[in-house]
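Sequence lines set the chain letters: A, B, ... in the order given, protein chains first and strands last, and positions in each chain run from 1. When reading the values below, keep in mind they use all heavy atoms of this one structure, side chains included, and skip hydrogens, waters and symmetry mates.
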Number of protein chains: 2
Amino acid sequence: MPSARPPRPATLTDVAAEAGVAPSTVSRAFSRPQRVNRHTREHVLAIAARLGYEPNPAAQALESGRTRTIGLLVPDITNPYFAGVIKGAERAAAAAGLTLMLGDTQENPTQEEAMVQRLRRAVDGFVLSAPRLSDDELLAAADKGPVALVNRAVPGLACVVADFDSGTRQIVDHLASYGHPSFVFVGGPAESWSGRRRWRGLRTAARRLGLEATRFGPFQPKLAGGPAAADAVVASGATAVVCHNDMLAIGLMRRLAQRGLRVPDDVSVVGFDDIFGADFCNPPLTTLAERTEDAGARAVEALVRQLPRRTTDQPARVLPTELVIRASTGPVPDRAG
Amino acid sequence: MPSARPPRPATLTDVAAEAGVAPSTVSRAFSRPQRVNRHTREHVLAIAARLGYEPNPAAQALESGRTRTIGLLVPDITNPYFAGVIKGAERAAAAAGLTLMLGDTQENPTQEEAMVQRLRRAVDGFVLSAPRLSDDELLAAADKGPVALVNRAVPGLACVVADFDSGTRQIVDHLASYGHPSFVFVGGPAESWSGRRRWRGLRTAARRLGLEATRFGPFQPKLAGGPAAADAVVASGATAVVCHNDMLAIGLMRRLAQRGLRVPDDVSVVGFDDIFGADFCNPPLTTLAERTEDAGARAVEALVRQLPRRTTDQPARVLPTELVIRASTGPVPDRAG
DNA sequence: CAAATTTTGGCAAGCGTTTGCCATGTGACC
DNA sequence: GGTCACATGGCAAACGCTTGCCAAAATTTG
């Protein structure tokens with residue numbers, strides 16, 4: 001063994017020299033196994049293993065243009081809803097040999113745009129979860145590279161969305177069955193597509209069943225948005241509230257409790273997402289469950305599918321939703337007067 | 001304007017040609033502003049802006065060896081504790097112009113090792129949150145590149161840890177003040193350094209105050225670990241329980257409720273972390289709060305500090321903890337017999 | 001057995017930057 | 001007016017890998 005082992009990490013060239021073949025052969029032994037004789041390949045692989053060779057991703061990316069990395073942007077990492085999406089995406093990405101670059105856009109369209117810009121050259125594509133960007137901006141982004149959307153449908157783009165039509169109908173059915181003549185929808189950010197979708201579904205279902213639906217908001221889709229929403233609800237005298245998401249619903253319930261209102265005796269509360277915590281808050285929250293990990297995983301898969309070449313048409317993948325009835329909803333209160 | 005705008009993204013060379021300078025000048029205009037005449041620089045920058053030039057990160061990484069990216073590995077993304085760490089790390093990384101690569105190790109040392117291996121060449125350094133690897137393995141990893149640890153202290157490595165000594169003392173004081181003669185510690189994974197640290201602190205504090213402390217476990221540090229832990233606790237007849245973390249504590253409380261035990265009337269429960277949900281579960285959980293976002297941010301800062309050159313010595317940064325007393329703890333029950 | 005075909009491996013040209021080194025221009029200093 | 005130092009810009013060699021193209025070898029075909 002004449003050649004000294006270099007102190008720096010072994011390169012493909014080192015392996016080639018040690019194995020007595022050309023660098024191209026080593027490269028192909030890894031990336032196009034069938035392009036090289038089995039015997040040669042095994043020899044090369046053995047040498048590579050002995051030298052502890054690991055390809056330099058930067059060099060690979062430079063030449064091939066592929067980074068084996070995808071960007072995942074979420075509005076708020078600390079919202080357990082997105083934690084689920086991240087987990088699912090991470091799993092699917094790992095399965096595809098891809099690495100995840102994570103960005104927290106802080107519910108901010110400007111920030112989102114900036115992150116897409118900044119990461120664009122560093123990733124092979126984006127999964128955008130609940131993006132706050134406009135359709136046009138999203139389309140523009142998709143023009144420069146593969147994109148998959150979670151809970152946002154834009155014609156022509158790969159989308160994974162929850163089945164809000166059926167879900168909102170379930171919610172309204174549930175409320176109607178308890179005798180509520182009306183409800184208020186506590187809305188989230190105006191830019192939220194899923195928020196608009198939820199409201200649309202609720203309103204349609206309400207009309208069909210003869211309930212009256214009112215929309216309040218916008219409110220921050222976090223615990224912190226709850227108090228303001230709760231106060232508006234109290235002032236309105238509503239008997240039932242559907243909140244933009246569980247964070248808001250939980251924040252609202254806490255404020256309601258502070259103000260002496262009982263859930264569900266005085267007010268029924270429904271959320272969206274079925275996040276971690278929805279089943280052990282007090283009372284346990286009735287909410288529309290979404291398969292968040294699936295959503296993340298499906299989005300990555302959709303992205304992977306367009307990685308080699310962009311496919312022509314991408315049908316929106318819609319995920320089932322399911323109303324989880326817990327203790328935060330109940331019959332309409334019997335208020336004399 | 002003689003040169004046609006290329007359809008592909010503009011490269012540094014394009015900018016150089018258009019500006020009538022050498023590529024090296026363009027490069028320096030960006031990376032070493034003071035190395036080039038102000039007039040020239042402004043001209044170059046203007047051309048670059050007009051051409052929409054953005055440096056190719058792969059090419060930069062290849063030549064410079066720096067990727068402007070750091071890896072963040074956590075045991076479980078869906079644990080809100082780590083969501084906080086991630087958020088803080090993301091913020092600090094963005095502030096330093098760095099991007100985060102995220103990995104979920106699934107509480108699995110093997111997985112953790114594999115991810116470090118896989119990402120090593122793609123990042124400038126790692127933040128390892130609650131790593132399950134052994135000290136030696138961690139040291140070995142640090143030998144190949146910068147590393148910062150969260151809630152794990154290894155001599156010679158940059159560490160950010162919560163102040164468990166003071167924290168555990170607060171817990172035991174609290175329990176003692178309620179008259180509990182003893183308590184059990186419901187332990188998490190054996191590989192968890194912070195778990196060992198917590199137990200050590202509790203035991204020491206217990207001895208000092210004349211309480212008896214027993215350790216159960218290991219249990220999974222998730223909601224799912226709660227039932228088994230609860231049953232063990234019930235069987236033991238303990239009046240107070242300190243859990244490895246809040247997830248476990250909440251899972252345990254739910255099981256306790258199912259079995260007809262009231263918290264805190266029959267059993268007091270204390271957790272660690274003060275995660276999202278700890279304040280609105282039923283009853284609200286007494287727990288040791290940790291500044292998770294700070295922890296993430298500090299770790300990234302410590303990492304950034306060793307990015308240009310490794311510093312000689314890294315004192316562990318210790319973060320304050322604070323006991324949040326809520327409703328899950330109370331006086332020792334008055335059990336006749 | 002020669003010709004045609006398929007495998008297999010090597011050559012060399014990049015991919016888009018950074019950076020060490022050198023050449024020039026400019027002003028300062030004596 | 002000459003010497004020096006410094007500011008500025010260019011040259012060219014990497015960085016480690018991929019890939020189009022070609023040649024040699026092996027295999028099939030007529």
Side-chain angles (χ1 to χ4, degrees), chain A residues 5-45 47-48 51-69 97 120-124 307-308, chain B residues 5-45 47-48 51-69 97 120-124 307-308:
Chain A
R5 178 92 144 276
R8 56 187 179 91
T11 71
L12 180 145
T13 316
D14 296 334
V15 177
E18 185 76 13
V21 301
S24 47
T25 304
V26 179
S27 174
R28 286 193 272 255
F30 282 96
S31 50
R32 300 221 195 314
Q34 73 295 14
R35 182 70 176 66
V36 60
N37 186 293
R38 191 184 135 172
H39 187 258
T40 319
R41 168 160 35 94
E42 279 168 3
H43 176 227
V44 166
L45 260 29
I47 299 277
L51 259 38
Y53 165 71
E54 290 179 82
N56 177 327
Q60 294 187 131
L62 179 56
E63 169 62 30
S64 66
R66 280 168 264 115
T67 62
R68 309 288 310 158
T69 295
R120 194 154 53 81
R121 312 288 309 259
V123 303
D124 290 347
L307 246 33
Chain B
R5 180 95 144 274
R8 55 187 180 94
T11 72
L12 180 144
T13 316
D14 297 333
V15 176
E18 185 76 12
V21 299
S24 47
T25 304
V26 178
S27 174
R28 285 191 274 253
F30 282 96
S31 49
R32 298 218 199 312
Q34 74 294 13
R35 183 68 177 65
V36 60
N37 185 293
R38 193 183 132 173
H39 187 257
T40 318
R41 170 161 33 95
E42 279 168 3
H43 177 228
V44 166
L45 260 29
I47 300 277
L51 258 41
Y53 166 71
E54 290 179 84
N56 178 328
Q60 294 188 134
L62 178 55
E63 171 60 33
S64 66
R66 283 170 260 114
T67 62
R68 310 287 312 154
T69 294
R120 193 153 53 80
R121 312 289 307 260
V123 302
D124 290 347
L307 245 34

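Looking at heavy-atom distances under 4.0 Å, Y53(B) makes contact with sugar-phosphate atoms alone, never a base. Nucleic acid contact class of R32(B) (heavy atoms, under 4.0 Å, all strands): sugar-phosphate only. Note on V21(B): only backbone sugar-phosphate atoms sit closer than 4.0 angstrom, heavy atoms only; bases stay farther off. Within 4.0 Å of R66(A), counting heavy atoms only, lie sugar-phosphate atoms of the nucleic acid but no base atom.
Here the side chains of H43(B) and I47(B) are in contact, with some heavy-atom distance below 4.5 Å. Between N56(B) and T11(B) the shortest side-chain heavy-atom distance does not fall below 4.5 Å. P9(B) places a side-chain heavy atom less than 4.5 Å from the side chain of R121(A). Looking only at side-chain heavy atoms (C-beta outward), L12(A) and Y53(A) come within less than 4.5 Å of each other. A 4.5 Å side-chain heavy-atom check between V44(B) and V21(B) finds at least one atom pair inside the cut-off.
Nearest-nucleotide positions on DNA chain D for R35(A) and R41(B) put R41(B) closer to the 5' end. Summary of the strand contacts: E63(B) and E54(A) both lie near DNA chain D, and taking for each the nucleotide with the nearest heavy atom, the more 5' one is attributed to E63(B).
When all heavy atoms of E18(A) and L51(A) are compared, the closest pair comes out as CB-CD2, 4.1 Å. Looking at every heavy atom in both residues, G65(B) comes nearest to D124(B) through O-OD1, 4.1 Å. Heavy-atom minimum distance, V36(A) versus A29(A): CG1-CA, 3.8 Å. Nearest heavy-atom pair, T67(B) versus A122(B), reported as atom, atom and distance to 0.1 Å: OG1-O, 3.3 Å. Here the closest heavy-atom approach between residue Q60(B) and residue P55(B) is recorded as OE1-CB, 3.3 Å.
Protein chain B touches strand DNA chain D; the 5'-most and 3'-most nucleotides with an atom under 4.0 angstrom of its non-hydrogen atoms are dT8(D) to dG16(D). Read 5' to 3', the first and last nucleotides of DNA chain C with an atom closer than 4.0 Å to a heavy atom of chain B are dG16(C) to dC21(C).
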Quick one: do R120(A) and E54(B) satisfy side chain to side chain contact (heavy atoms under 4.5 Å, CB included)? Show the steps, please. CA-CA 10 Å; R120(A) 194 154 53 81; E54(B) 290 179 84; 2.5 Å; yes
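Axis deviation across the helix from dC1(C)-dG30(D) to dC30(C)-dG1(D) amounts to 30°, comparing end segments of five pairs, rounded to 10 degrees.
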